[in-house]
Protein chains: 2
Amino acid sequence: MHQPEHLKSAGLKSTLPRLKVLDLFENSKERHLSAEDVYKQLLASGEDVGLATVYRVLTQFEQAGLLVRHHFEGGKSVFELNKGDHHDHIVCLQCGHVEEFHDPAIESRQQKVATGLGFAIRDHSLHIYADCTKKKCPHKR
Amino acid sequence: MHQPEHLKSAGLKSTLPRLKVLDLFENSKERHLSAEDVYKQLLASGEDVGLATVYRVLTQFEQAGLLVRHHFEGGKSVFELNKGDHHDHIVCLQCGHVEEFHDPAIESRQQKVATGLGFAIRDHSLHIYADCTKKKCPHKR
DNA sequence: ATGCAAATGATAATCGTTCTTATTTGCATT
DNA sequence: AATGCAAATAAGAACGATTATCATTTGCAT
Ligand SMILES: [Mn+2]
Ligand SMILES: [Mn+2]
Ligand SMILES: [Zn+2]
Ligand SMILES: [Zn+2]
C-alpha cells in the first residue's frame, strides 16, 4: 500500500479510503478513470468504499493537485494522476482508448489567438475524437 | 415566422414547436443556447412548448445538421446554428460569453499529430477558458 | 372532411453527482 | 495503551440535466 506521507504532504489526513484510491491510480492499467471506474475497481478488488466517498476523495485530490479532471464527451468526469506536465487527448472512437500528446505549436497558437482577442488564458481543453487507422484497432478494452 | 420549407428540406415535418425553436436560433441575441435557454426564452415570449419537446427537437436538428452541439464545462449541452464552417471557442470565465475563432495553423497541427499517432480525425473540440483583459469585462450577461 | 402516422406535452424515470446525517476513524493528548 | 474530538466515512436522499413513457393532439396525404 501507499505511504501516508504522500497524502499528509498534500494537506490531507491519511485515511484508508484515500490511500486505496491513490493506490488504484498508481497501479491501474488505465490512466484515465471515472468515479464509477474507481468505485467498481475497488469493489472488484475486495476493498469497499462508499461511492459518495469516491466522489469526495476525487474532488479533494483534484483540489490538492494530485489528480487532474477532464470532461470528455459522454458527460462523466475522468481523472488521471497529475504528472505536472500539460497534455491534450485523442480518444479512439472504436474502443475508447485515450492517447496523450503535446504539441508546442498548438499551445503557442492558442496564446496568440487568445491574446489577439483580448483574453488571458486560464485553462483549455483539446480533445480529438478519431478512428484508429491500424487494420484492427489495437486498443481492445 | 420561419418558412416550413427549411424543415421539410431537412427531412423534418414542419410543426409549430420546430418552427418556434428554429426561429429562436435565427433571431436570438446569443448564438449559443442550452435546452433550458431555449425553453425559457420561448416561455418568456408567450410561446409555450414542452421542455421534453425542446430536448427532442434540439437533438433532431442536430442530427439533421441544422444545429451543432457543444459540451462546454458545466455539464449542459449548448447548441448553435450550423453555419457550415468549423470554429473553436473561447469562453470568458467572468461572464460566460463565448467568442469564436478559427486558426488554420492549429487545425493543421492537429491533423499532423493525429496522423503521426495512427488516427483519422472524426471530430475535435478546442475550448479555451479565459479572463477578459479589458478593464471591465465588456460581456455583461 | 377523414384517417392515421408522427409529434407533442405531462410526467415518470434515469444518470451522474452532491448533500445530509448518523456513525466511525485518525491521531493528538493523556 | 486508553481517551476525546474534529474530521472523514457510508448510506441514502436529493439534485439537475436529460431521456423514456404514453395518452392526446396535429400535420398532412387522401
Ligand atoms: Mn491524460
Ligand atoms: Mn460557436
Ligand atoms: Zn493543450
Ligand atoms: Zn478546431
Using 0.5 Å steps for rounding, measure from the [atom1] atom of [X] to the [atom2] atom of [Y].
X	Y	atom1	atom2	value
A:Ile128	A:Leu93	CD1	CG	11.5 Å
B:Leu19	B:Ser14	CG	OG	4.0 Å
A:Arg122	B:Tyr129	CZ	OH	13.5 Å

Spacing between [X] atom [atom1] and [N] atom [atom2], to the nearest angstrom:
X	N	atom1	atom2	answer
B:Glu73	D:dA17	CD	P	16 Å
B:Lys20	C:dT8	NZ	P	10 Å
B:Leu33	D:dA17	CG	P	15 Å
B:Arg18	C:dG9	CZ	P	11 Å
A:Gln60	D:dT9	CD	P	6 Å
B:Asp37	D:dG16	CG	C1'	14 Å

Seminar exercise, completed: If one requires at least 3 consecutive Watson-Crick or G-U pairs with distances under 3.5 Å, the stems of DNA chain D turn out to be C:1-30 with D:1-30
Problem set entry | A:Phe25 backbone acceptor or donor facing A:Ser28 side chain under 3.5 Å | no
For this session: Would you check if there is a donor-acceptor pair between the side chains of A:His87 and A:Glu80 at a distance under 3.5 Å?
Result: yes
Seminar exercise, completed: For nucleotides 15-22 of chain C, 5' to 3', base contacts (B), sugar-phosphate-only contacts (S) and non-contacts (-) with protein non-hydrogen atoms under 4.0 Å give -SBBB---
Show me the protein contacts with nucleotides 25-30 of chain C, counting only N or O atoms at under 3.5 Å.
| residue | atom | partner | partner atom | Å |
| --- | --- | --- | --- | --- |
| C:dC27 | OP1 | A:Ser14 | N | 3.4 |

For this session: Test A:Leu7 against A:Phe61 for side chain to side chain contact (heavy atoms under 4.5 Å, CB included), laying out the working first.
Result: CA-CA 9 Å; A:Leu7 288 174; A:Phe61 282 6; 3.6 Å; yes
For this session: Taking the six-membered ring for Trp and the single ring otherwise, decide whether the centroids of B:Phe72 and B:His89 are under 6.0 Å apart.
Result: yes
Exercise. So, do A:Thr15 and A:Lys13 sit near enough that their side-chain heavy atoms are less than 4.5 Å apart?
Worked result: yes
Exercise. So A:Leu81 and A:Leu67, side chain to side chain contact (heavy atoms under 4.5 Å, CB included) or not? Walk me through it.
Worked result: CA-CA 5 Å; A:Leu81 277 179; A:Leu67 295 180; 3.8 Å; yes
Problem set entry | Side-chain ion pair, A:Lys83 and A:Glu100, N-O less than 4.0 Å | yes
For this session: Take the angle between the ring planes of B:His70 and B:His32 and call it parallel below 30°, perpendicular above 60°, tilted in between.
Result: tilted
